[in-house]
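Down below is the structure, laid out as structure tokens.
Remember, it's 1-based here, ligands and their atoms both numbered in the order they're listed.
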Amino acid sequence: MALLVMKFGGTSVADLDRIRNVAMHVKREVDAGNRCAVVVSAMAGQTNQLVEWTRGASSIHDAREYDAVLASGEQVTSGLLAITLQSLGITARSWLGWQIPIRTNNDHGIARIEAIEAGNLRERINDGEVAVIAGFQGIGPNGRITTLGRGGSDTSAVAIAAALGADCCDIYTDVDGVYTTDPRIVPKSQRIDKIAYEEMLEMASLGAKVLQTRSVEMAMVHRVSVRVRSSFDDPDSCPAVGSAGSAIVPGTLVCDEDDILEQRVVSGIAYAKDEAKITLLGVADKPGVAAKVFGPLADSNVNVDMIVQNVSADGTSTDMTFTVPAGDFERSRRVLESARDKIGYTDLRGALDIVKVSIIGVGMRSHAGVAAQMFSALADKGINIEAISTSEIKISVLIDAAYAELAVRTLHSLYGLDAE
Ligand code: ADP
Ligand code: ASP
Ligand code: MG
């Protein structure tokens with residue numbers, strides 16, 4: 001008998017038929033004798049609708065009330081799934097974040113889970129009850145509902161798996177695993193059987209939204225074995241976890257690097273369209289200038305990502321280009337404009353039509369020349385690189401958004417990731 005966490009995303013619970021399908025996946029595990037905690041997202045599109053409503057009510061709104069509204073989507077699906085399971089003769093109960101409780105910090109809208117007091121939940125699961133948990137939510141230090149950031153149900157699931165010491169955490173979604181790149185834009189992408197935590201972390205943080213970045217961070221820290229698989233597979237023909245044949249279910253295991261025998265140089269390609277570029281022209285080229293630019297941005301909680309600095313021909317001034325999250329663009333512009341006299345620049349230019357394309361792979365640690373190959377392949381397609389950033393296991397380039405798909409496809413072929 002295994003203790004499982006099963007998480008179902010928005011498209012997997014999009015309507016009553018889909019919820020019934022989810023219930024059949026759960027029933028299969030219950031019938032095989034497994035204990036289950038099931039984490040659900042809101043119905044597909046529902047959270048976007050709720051965001052729209054809060055904005056419609058007032059463009060400036062209290063983050064605590066934003067969370068009160070946003071958390072409601074998962075309340076609906078957890079209740080509906082519990083009802084559906086009960087109708088199949090399965091003992092099931094819904095749990096909201098505060099009822100467990102899942103304790104978070106006070107950062108409404110993007111709260112971090114700090115502790116899960118899982119005693120009560122564990123007892124009920126051990127008694128054979130299926131716990132249907134509303135994902136994406138917790139309770140803050142002031143007793144108010146918090147939400148965990150978009151895509152946060154993945155993090156709820158991994159956190160519950162860690163708190164319960166579950167044998168595995170299956171993330172059911174609308175694709176049958178993690179692919180070498182987003183299968184929606186590259187039909188030739190391939191499912192990856194096993195991906196290292198570090199690679200998955202980079203893939204997620206660089207734009208592959210199949211898992212929320214924090215969920216991967218948490219899985220890595222707590223060594224939770226996460227498997228991404230499809231809820232669209234026929235529930236009756238999938239083998240239950242722990243049964244003969246369960247290893248052949250198509251999916252991707254996120255695991256330790258050492259558990260992967262065959263390692264590619266580049267495992268995946270990610271792209272992110274949610275960054276904005278800011279260029280400050282004519283900044284004095286002297287010590288302390290970078291601190292004057294990035295200090296006020298840091299004080300306003302803006303995360304600066306890629307940074308490029310060019311020295312001008314006369315060597316006295318420089319142009320500084322960097323990226324910030326697109327959602328922080330206007331705020332960053334205001335911060336920099338009000339610090340203009342202190343920084344001393346001649347002009348500020350901004351652009352939102354840019355994309356960051358990244359190649360990721362732990363194999364890069366031991367291979368030279370990967371970057372050079374990437375840059376020349378992009379040059380051959382006439383794609384101009386506006387900024388570069390690297391780490392041991394990834395290289396990211398900033399390019400014009402119009403070339404996003406071409407760049408992803410080109411790199412996907414270049415590193416031998418295309419399916420036959
Ligand atoms: P859920 O609602 O189940 O949480 P998401 O929409 O958050 O699902 O994540 C699944 C989607 O992630 C897929 O439909 C796919 O388009 C997208 N995606 C982006 N990059 C990848 C990738 N490398 N592998 C698989 N899916 C990816
Ligand atoms: N419903 C939330 C969202 O759409 C959380 C999630 O789906 O994981 O972001
Ligand atoms: Mg998701």
Side-chain angles (χ1 to χ4, degrees), residues 6-14 18 21-22 25 39-52 66-67 69-78 97 109-111 133-138 146-160 169-193 195 199-216 226-232 250-252 254 266-274 357-361 404-405 408 411-412 417 419:
M6 309 169 78
K7 180 258 168 178
F8 294 89
T11 34
S12 306
V13 292
R18 300 293 315 149
N21 172 71
V22 165
H25 279 287
V39 176
V40 286
S41 292
M43 291 181 179
Q46 185 60 33
T47 311
N48 289 345
Q49 171 71 78
L50 296 169
V51 170
E52 228 172 82
Y66 170 91
D67 276 355
V69 176
L70 256 73
S72 66
E74 274 72 9
Q75 175 160 350
V76 172
T77 46
S78 58
I110 185 82
I133 299 163
F136 181 53
Q137 56 174 266
T146 52
T147 62
L148 309 179
R150 297 305 304 270
S153 299
D154 296 328
T155 303
S156 308
V158 175
I160 293 283
C169 179
D170 279 359
I171 307 282
Y172 288 78
T173 182
D174 56 3
V175 273
D176 64 354
V178 178
Y179 277 65
T180 45
T181 193
D182 188 344
R184 280 191 212 168
I185 73 154
V186 182
K188 280 187 176 171
S189 61
Q190 302 183 61
R191 185 165 47 76
I192 304 172
D193 283 337
I195 186 165
E199 287 175 324
M200 192 62 237
L201 193 58
E202 291 282 11
M203 289 273 278
S205 69
L206 295 168
K209 70 164 190 157
V210 60
L211 288 176
Q212 197 201 31
T213 307
R214 279 182 183 172
S215 71
V216 188
V226 171
R227 188 165 52 154
V228 179
R229 56 185 290 186
S230 174
S231 72
F232 287 77
T252 300
V254 188
V266 172
S267 308
I269 320 267
Y271 67 97
K273 291 185 169 162
D274 51 2
V357 176
S358 310
I359 59 172
I360 296 126
E405 293 190 12
V408 171
L411 298 172
H412 199 264
L417 300 176

Close side-chain approach of Gln190 and Thr181, heavy atoms under 4.5 Å: no

Nearest protein heavy atom with distance in Å, relative to atom 15 (C) of ligand 1: Asp182 OD1, 3.5 Å

Donor-acceptor side-chain pairing of Asp67 and Thr146 below 3.5 angstrom: no

Close approach of Gly207 to ligand 1, heavy atoms, under 4.0 angstrom: no

Close approach of Gln212 to ligand 1, heavy atoms, under 4.0 angstrom: no

Modelled atom types, side-chain donor and acceptor of Gln212 and Thr155, under 3.5 Å: yes

Gln212 touching ligand 2 at heavy-atom level, < 4.0 angstrom: no

Nearest neighbour of atom 16 (O) of ligand 1 from the list Arg150, Arg184, Met43, on a heavy-atom basis: Arg184

Polar contact flag, side-chain donor to acceptor under 3.5 angstrom, Ser267-Glu199: yes

For atom 2 (O) of ligand 1, closest protein heavy-atom neighbour: Gly10 N, 3.1 Å

Verdict with supporting geometry, Lys7 and Asp154, salt bridge (Lys or Arg N to Asp or Glu O under 4.0 Å): CA-CA 7 Å; Lys7 180 258 168 178; Asp154 296 328; 2.8 Å; yes

Side-chain ion pair, Asp274 and Lys209, N-O less than 4.0 Å: no

Atom 1 (P) of ligand 1 [closest protein heavy-atom partner, distance rounded to 0.1 Å]: Thr173 OG1, 3.5 Å

Closest protein heavy atom (residue, atom, distance) for atom 3 (C) of ligand 2: Arg150 NE, 3.3 Å

Distance-only side-chain donor-acceptor flag, Ser205 / Thr213, under 3.5 Å: no

Atoms of ligand 2, numbered as shown, that sit under 4.0 Å from any heavy atom of Thr47: 1 (N), 2 (C), 3 (C), 4 (O)

Heavy atom of Pro183, distance to ligand 1 below 4.0 Å: yes

Closest protein heavy atom to atom 7 (O) of ligand 2, given as residue, atom name and distance to 0.1 Å: Ser41 OG, 3.1 Å

Heavy-atom nearest neighbour in the protein, as seen from atom 25 (C) of ligand 1, with distance rounded to 0.1 Å: Gly177 O, 3.4 Å

Test log, rule side chain to side chain contact (heavy atoms under 4.5 Å, CB included), inputs Arg227 and Ile171: CA-CA 6 Å; Arg227 188 165 52 154; Ile171 307 282; over 6 Å; no

Side chain to side chain, Val178 and Arg191, heavy atoms closer than 4.5 Å: no

Any N/O pair Gly151/ligand 2 closer than 3.5 Å: yes

Close side-chain approach of Val408 and Ile185, heavy atoms under 4.5 Å: yes

Sub-4.0 Å atoms of ligand 1 with respect to non-hydrogen atoms of Ala208: 20 (N)

Residue-ligand contact Gly152/ligand 2, heavy atom below 4.0 Å: yes

Heavy-atom nearest neighbour in the protein, as seen from atom 6 (C) of ligand 2, with distance rounded to 0.1 Å: Ser153 OG, 3.4 Å

Nearest non-hydrogen protein atom, atom 7 (O) of ligand 1: Lys209 O, 3.5 Å

Residue from Val228, Val254, Val158, Ile160 passing side chain to side chain contact (heavy atoms under 4.5 Å, CB included) with Cys169: Val158

Heavy-atom nearest neighbour in the protein, as seen from atom 4 (O) of ligand 1, with distance rounded to 0.1 Å: Lys7 NZ, 3.2 Å

Heteroatom proximity flag, Asp154 to ligand 2, N/O under 3.5 Å: no

Side chain to side chain contact (heavy atoms under 4.5 Å, CB included) between Arg229 and Thr173, intermediate numbers included: CA-CA 6 Å; Arg229 56 185 290 186; Thr173 182; over 6 Å; no

Atom 13 (C) of ligand 1 [closest protein heavy-atom partner, distance rounded to 0.1 Å]: Asp174 OD1, 3.4 Å

Polar proximity ligand 2 side, Lys7 side, N/O cut 3.5 Å exclusive: no

Cation over ring face, Arg18 and Phe232, 6.0 Å, 45°: yes

Modelled atom types, side-chain donor and acceptor of Ser231 and His25, under 3.5 Å: no

Under 4.0 Å to a heavy atom of Met203 - the qualifying atoms of ligand 1, by number: 23 (N)

Shortest protein heavy-atom distance from atom 23 (N) of ligand 1, along with the residue and atom involved: Tyr179 O, 3.0 Å

Ile171 contact mode with ligand 1 (heavy-atom cut-off under 4.0 Å): neither

